[in-house]
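So that the names make sense, note that chain A is the first sequence line, chain B the second, and so on, each numbered from 1.
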2 protein chains.
Amino acid sequence: MTSVDEPARPHGNGRTRDAARTRAEILDVATQEFARAGYAGARVDDIAARTSTTKRMIYYYFGGKDQLFTAVLERAYGVIRDAEQQLDVEHLDPVAAIRRLAELTFDHHEQHPDFIRLVSIENIHEAEHIAASEKLGRIGSPALDVIRRILASGQESGLFTAEVDAVDLHAMISSFCFFRVANRHTFGALFGRDLVDPAQRERYRAMLGDMVIAYLTAERATD
Amino acid sequence: MTSVDEPARPHGNGRTRDAARTRAEILDVATQEFARAGYAGARVDDIAARTSTTKRMIYYYFGGKDQLFTAVLERAYGVIRDAEQQLDVEHLDPVAAIRRLAELTFDHHEQHPDFIRLVSIENIHEAEHIAASEKLGRIGSPALDVIRRILASGQESGLFTAEVDAVDLHAMISSFCFFRVANRHTFGALFGRDLVDPAQRERYRAMLGDMVIAYLTAERATD
DNA sequence: TATGACTAACTCACCAGTTCGTACATTAGT
DNA sequence: ACTAATGTACGAACTGGTGAGTTAGTCATA
């Protein structure tokens, strides 16, 4: 979970001073705490206690609880943007490309439940931290560009019949992936089915791809 | 928002004693507060203050903050179950029936954003209140029974090619409807599109139906 | 129908433990 | 010598929860 490379400590007992490392460690622990308990439920003291530094450093580096949460969000969104940038589907036909893209979202959401929880939490707070962040305002989405290209290519060739734009298709793909992870607990409790059961994973992954492709390529009534 | 019939007050200054009304009023306000601020963010004192009764009554009737939230969830889930029970699609062909069902979910989610928020919050807490509730354990889902029947009928006639079961199809429908409302804020902030914009409503409603029907009726590779 | 016993419903005041944030002192590294 | 980085101690406001006492409505009975 830690994204910090811990350089060997020069002295036995105390750590060397290292702003970047301290900042990153706070961010790691804060991510876990906020994801675990929600914004209001997370305790600054608890975050500090689980760190090798003190609460004072949280205020020194981040200013306060709100800004700390914003920083946590910024990093979490950065991770998924980086993953999307790895995406290379130029060599695939539109159908395979869309499926690959959907699977990337599927995999990323599954592998980062903390990210999903943070997004849920931020929505409870009506995205006020995103609004307060300069970085997140212009983070963009590489996936969206990719979808745009695939969609244009598929629609041009007549393969894709649906008249969706990239943003809506992205919403469609995300909704399935997000729900599966975010609502795992209530869904499991109410319907007795674990949506994140590893044994079902491939089935859901295929279901997502089938769904999106079916939607894009369905025969439409000519109106 | 109030679900209480307020009988005329016999005396001018004080209210008559009415356990059911007091309980219901607490529940109404608590629903709003929990939905607004999350479980930890909601304040028992604030809930009490927005009530015409006192904090002591919350503890008198519900026992504590946790049980109050559980009671709020129980009522919220009861509302959607009741809505699902109104559903009558026996006279429709499978395609129209599924679309109608999906639209019911779409409409209900849109009309009850507080419910969506409560479910998000309960998932942050890993459904521990549902687990603690006897009522919610056996609340069931009328929609699930309906889906089962439609699915059986559609698959039998060969109209539906997809091999899904009712629970998974329910998840698929819910995911789209849920995401649209739950993630409205982050999605809007990041992609500049309001998923709950009334002007876009019909488009999304149709998109959901098209998606589900396309998935169910798509031509599958014979393997 | 007047009365008095009974209890559910309600009010008020208060507390013990938190919780975010900060003033102030100190130290490591350059 | 200077400054960025860090540690300690503390407090004001809050927060969930409760102890103790009060009142409105009901009902059995004379």
A.B. asks: Give the rounded distance in Å between these two atoms: OH of Y61(A) and C1' of dA4(D).
C.D. replies: 8 Å

A.B. asks: Specify the separation, in whole Å, of atom CE of M57(A) and atom P of dT8(D).
C.D. replies: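 Distance, rounded to whole Å: 11 Å.
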
A.B. asks: Can you run down the salt bridge (Lys or Arg N to Asp or Glu O under 4.0 Å) pairs that involve residues 44-57 of chain B, sequence neighbours left out, and say none if there aren't any?
C.D. replies: E33(B)-R50(B), D45(B)-K55(B)

A.B. asks: Does T53(B) put a side-chain nitrogen or oxygen below 4.0 Å from OP1 or OP2 of dT11(C)?
C.D. replies: yes

A.B. asks: How long is the line joining CD of E33(B) and P of dG16(D), in whole Å?
C.D. replies: 11 Å

A.B. asks: Provide the full list of salt bridge (Lys or Arg N to Asp or Glu O under 4.0 Å) pairs with a residue in residues 127-143 of chain B, sequence neighbours left out, each pair given once.
C.D. replies: E74(B)-K135(B)

A.B. asks: Y204(A): which residues meet the ring-ring contact (aromatic ring centres under 6.0 Å, His included) condition with it, sequence neighbours left out?
C.D. replies: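 ring-ring contact (aromatic ring centres under 6.0 Å, His included) list for Y204(A), sorted by chain: empty.
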
A.B. asks: List the atom pairs, with distances to 0.1 Å, where a side-chain N or O of residues 85-92 of chain A and a protein N or O form a donor-acceptor pair under 3.5 Å, not counting sequence neighbours.
C.D. replies:
unit_1: E90(A); atom_1: OE2; unit_2: R149(A); atom_2: NE; d: 3.1
unit_1: E90(A); atom_1: OE2; unit_2: R149(A); atom_2: NH2; d: 3.1

A.B. asks: OP1 or OP2 of dT6(D) sitting under 4.0 Å from any side-chain N/O of T22(A)?
C.D. replies: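 For dT6(D), OP1/OP2 do have a side-chain N/O of T22(A) under 4.0 Å.
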
A.B. asks: Any salt bridge (Lys or Arg N to Asp or Glu O under 4.0 Å) involving residues 178-198 of chain A? Give me the pairs, sequence neighbours left out, ordered by first then second residue.
C.D. replies: E110(A)-R180(A), R184(A)-D194(A), R193(A)-D165(B), R193(A)-D168(B)

A.B. asks: Return the value, rounded to whole Å, for the distance between atom CZ of F62(B) and atom C1' of dG16(D).
C.D. replies: 16 Å

A.B. asks: Across nucleotides 19-25 of chain C, 5' to 3', mark each nucleotide with B, S or - according to how protein heavy atoms within less than 4.0 Å reach it.
C.D. replies: SBBBBB-

A.B. asks: Check the distance between dT6(D)'s P and I58(A)'s CD1 and give it to me in whole angstrom.
C.D. replies: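 Atom-to-atom, I58(A) to dT6(D), this comes out as 13 Å.
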
A.B. asks: Atom CZ of R21(A) and atom C1' of dG29(C): how far apart are they, to the nearest Å?
C.D. replies: 14 Å

A.B. asks: Applying salt bridge (charged side-chain N to carboxylate O under 4.0 Å, His left out), name anything that partners D66(A), two or more places apart in sequence or on another chain.
C.D. replies: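 Not a single residue meets the salt bridge (charged side-chain N to carboxylate O under 4.0 Å, His left out) criterion with D66(A).
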
A.B. asks: Would you classify Y60(B) as touching base, sugar-phosphate or nothing, given that sugar-phosphate means primed atoms plus P, OP1 and OP2, and contacts are heavy atoms under 4.0 Å?
C.D. replies: base

A.B. asks: Tell me, please, which residues at least two apart from R205(B) pass salt bridge (charged side-chain N to carboxylate O under 4.0 Å, His left out).
C.D. replies: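 If we apply the salt bridge (charged side-chain N to carboxylate O under 4.0 Å, His left out) test to R205(B), skipping adjacent residues, the hits are E103(B), D107(B), E202(B).
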
A.B. asks: Does any donor atom in the side chain of E25(B) or S52(B) lie under 3.5 Å from an acceptor atom in the other side chain?
C.D. replies: yes

A.B. asks: Kindly indicate, with the supporting measurements, whether the criterion ring-ring contact (aromatic ring centres under 6.0 Å, His included) is fulfilled by H125(A) and F69(A).
C.D. replies: CA-CA 11 Å; H125(A) 296 279; F69(A) 186 69; 7.0 Å; no

A.B. asks: Looking only at side-chain N and O atoms, does T54(B) come under 4.0 Å of OP1 or OP2 in dC10(C)?
C.D. replies: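 Indeed not, no polar side-chain atom of T54(B) lies that close.
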
A.B. asks: R17(B) has an atom CZ; how far is it from atom P of dA24(D), in whole Å?
C.D. replies: 6 Å

A.B. asks: To the nearest 10°, give me the bend of the helix from dT1(C)-dA30(D) to dT30(C)-dA1(D), comparing the axes of its five terminal pairs at either end.
C.D. replies: 10°

